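The sequence lines fix the lettering, A, B, ..., with proteins before strands; numbering per chain opens at 1. Please read these numbers as outputs of a predicted model, since none were measured by experiment.
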There are 2 protein chains.
Amino acid sequence: MVGIDEVARRAGVSTATVSRALSGRGTVSAATRARVLAAADELGYVVSAAASSLATGRTRNVGVLVPLLDRWFYAQVLSGIATRLSPEGYDLTLYNLPDAHAPRRDVLARSLRRNRVDAVIALSVFLDDEEVAELQRLGKPVIAIGRQSPQLVALTVDDRAVARLATAHLLELGHTAVAHIGESRGRHGEVHVPTLRRRGFEQAMTDAGIPVHGDLLEPADFTIDGGYRAAGRLLDRADRPTAIFAASDEMAFGAIFAARERGLRVPEDLSVVGVDGHEMSGFFALTTVDQFPHAQGERAAEAVLAVLRSGDAPEPASLAFELVVRNSTARPA
Amino acid sequence: MVGIDEVARRAGVSTATVSRALSGRGTVSAATRARVLAAADELGYVVSAAASSLATGRTRNVGVLVPLLDRWFYAQVLSGIATRLSPEGYDLTLYNLPDAHAPRRDVLARSLRRNRVDAVIALSVFLDDEEVAELQRLGKPVIAIGRQSPQLVALTVDDRAVARLATAHLLELGHTAVAHIGESRGRHGEVHVPTLRRRGFEQAMTDAGIPVHGDLLEPADFTIDGGYRAAGRLLDRADRPTAIFAASDEMAFGAIFAARERGLRVPEDLSVVGVDGHEMSGFFALTTVDQFPHAQGERAAEAVLAVLRSGDAPEPASLAFELVVRNSTARPA
DNA sequence: CTGAAAGCGCTTACAG
DNA sequence: CTGAAAGCGCTTACAG
């Protein structure tokens, strides 16, 4: 690899001047700059990340924390982030945060502290207070997607409103036996997305004068299979619901598979609504609340870039969502 | 951030000794080592990536080149890679290689040359000769997944064999009108996965004495929607096939949607086989050739770690695949 | 506008 | 087994 001194020699200037010409910081005469650029180009010089970042303290790298790499939603957001970071010359380093405590601490207390990133985007990871503190101790901008902790600045959709919108759609069609598939316990209080969706569901039902009893809430883990099994439990009951609001499209797909397996037609015998705007929702004719995950990633990347440029603290922001009505919902029979 | 000299002061030794004690390289007495470890732990010291990598030339970071972040297959492989890299203390930096020429050059000639990675895993990206040369000029180990260039060491499945296996399954069931959805042009010759799958299909058909005419080959772009449209074209013909071999599960899903839309039953009226082992293939009852993408990622990561440890050149290897028969295939009516 | 020099925070021969 | 010192390849006050 050719170094800065080779470029300096070829251009007949000092390394300081090469550095100034290439970075655009400091003043260099037009003629000198041109000579330096030509020399760098001819030699194929690229600045060494390690040397540059040791000298400046900046890395031009953003860390992204993801709970799972192979869920559609996260892949979408990640893709959105990469889309906006790459043209700005920023790299993206991935940190997979598993459920287990030990490896999580390893990522937060070790990997991230190696000083390899200028900022962190935390994607829907549920951090406990100690972990959040660890993250903030980095002294670097942190942007969360999805509310994860009261202490983290986040880009969020209004998850209660999302759930109310989906539920209200079913109620307006005339359904009264509406069940919800999602998280039913409230461990994470005011910042837990699945819990907020369940609360929004409950609120819409209550507002419509329909009491919500525990039977209408089936817990599932946001996978297709989880949705399939939860829906199976609901549909095998004597008093099965006529509509299901699933807290994610993948769980909604599972519900559709469960219905189909039982000879129930969607939407004639069962209406289903999801959340996300999954790429396959159109094929399933699934009515869903789209939350534009790719755009969420882009927004997060933009927020990070803005903070890095301005030095200002990041600001929380609210993300768009939209009900997309397709053919998985209809009036009850 | 606390530095090595603070640790040295606290432990009452030189920074050289701290470095040796922490890295395990060089000799340190047990007592000194214990004191250093304790001091480092108390201070929460973590070595600076930039300083360490400038001094050693090693980064403990692996670059992964991906064409698309939001395809299921790539997300799986990526997840497999991360799974194996993370416990070894290696970070993973993502480089998205789009189709356009300019940004690709930017990644290969700029980003990767910033010296931020010790090795590169290239995931199903089709590089032209110049790009491969650029990659090799890095002087770092490169492992490809999927055959991409004759010059790159790769982990590959035998794609012709995969296609023959899928096609033979349909032929054994008694189908003779078998169509293929995939890539139909052979730009990339001997190293292009879609082309190899098409050739395997043609070979199986020819071996069975069935001539393959162009009508049986419908090009598609490996997305669900592409498969849906390609299958639509096949199924709208007067002499529609009784079976379809799709070169990916996602295209197979699209084919199933296309059949369903036309009132054709799978497998009674149409048999469908895919390739990949997609997480949803079970729900679609799709017969497929599983190629275990998560395991492919793990294998690639292991190969990279082995090369990094031994200093030996990487070696090509062959990956497993397996026909999984489900309910999307049956004897023709 | 430009250069000499110090410094970023480590690692590693070298000497003892 | 341990320390002093040079060096990794840049950047940036400082001086001119």
Practice prompt. Return the value, rounded to whole Å, for the distance between atom CZ of Arg9(B) and atom P of dA4(D).
Written response: 14 Å
Would you tabulate the nitrogen or oxygen pairs shorter than 3.5 Å linking the protein to nucleotides 11-15 of chain D?
unit_1, atom_1, unit_2, atom_2, d
dT11(D), OP2, Ser19(A), OG, 2.4
dT11(D), O5', Ser19(A), OG, 3.4
dT12(D), OP1, Arg58(A), NH2, 3.3
dT12(D), OP2, Arg25(A), NE, 3.1
dA13(D), N6, Arg20(A), NH1, 3.4

Discussion item. Taking CD in Gln136(B) as the centre, count heavy atoms belonging to other residues, nucleotides or ligands within less than 6.0 Å. Is the count above 12?
Written reply: yes
Worksheet item: Under 4.0 Å between a side-chain N/O of Ser14(A) and OP1 or OP2 of dG3(C), yes or no?
Response: yes
Item to complete: Calculate the interatomic distance between Arg116(A) atom CZ and dC10(C) atom C1'; express it in whole Å.
Response: 14 Å
Practice prompt. Please state how far atom CZ in Arg35(A) lies from atom C1' in dG3(C), giving the value in whole angstrom units.
Written response: 14 Å
Worksheet, complete the sentence: To the nearest 0.5 Å, atom CG of Asp91(B) lies from atom CG of Leu112(A) at 8.0 Å
Show me the donor-acceptor pairs within less than 3.5 Å that the side chains of residues 77-89 of chain B make with the rest of the protein, sequence neighbours left out.
unit_1, atom_1, unit_2, atom_2, d
Ser79(B), OG, His294(B), NE2, 3.2
Thr83(B), OG1, Ser79(B), O, 2.7
Arg84(B), NE, Glu302(B), OE2, 2.7
Arg84(B), NH2, Glu302(B), OE2, 3.3

Practice prompt. Could you tell me the separation between the CG atom of Leu54(A) and the P atom of dC8(C), rounded to a whole number of Å?
Written response: 9 Å
Worksheet item: If we ignore angles and hydrogens, is there a donor and acceptor under 3.5 Å between the side chains of Asp5(B) and Thr15(B)?
Response: no
Discussion item. It should be established whether Ser29(B) places a side-chain nitrogen or oxygen under 4.0 Å from OP1 or OP2 of nucleotide dC1(D).
Written reply: no
Worksheet item: About how many Å separate CZ of Arg58(B) and CG of Leu308(B), when rounded to the nearest 0.5 Å?
Response: 9.5 Å
Worksheet item: Does dC14(D) pair with anything, Watson-Crick or G-U wobble, both distances under 3.5 Å, and if so, with which nucleotide?
Response: dG3(C)
Discussion item. Rounded to whole Å, please give me the gap between CZ in Arg33(A) and C1' in dT2(C).
Written reply: 13 Å
Worksheet entry | Distance-only polar pair, side chains of Ser48(A) and Asn115(B), donor-acceptor under 3.5 Å | no
Discussion item. Does dT2(D) have OP1 or OP2 under 4.0 Å away from a side-chain N or O of Thr27(B)?
Written reply: no
Worksheet item: Base, sugar-phosphate, or nothing for Thr32(A), non-hydrogen atoms under 4.0 angstrom?
Response: sugar-phosphate
Worksheet entry | Integer angstrom distance from the P of dA13(D) to that of dG9(D) | 23 Å
Discussion item. Using whole Å, what does the distance between atom P of nucleotide dG9(D) and atom CG of Asn115(B) come to?
Written reply: 9 Å
Worksheet item: So with a 6.0 Å cut-off around CD of Glu315(A), is the heavy-atom count from everything else above 12?
Response: no
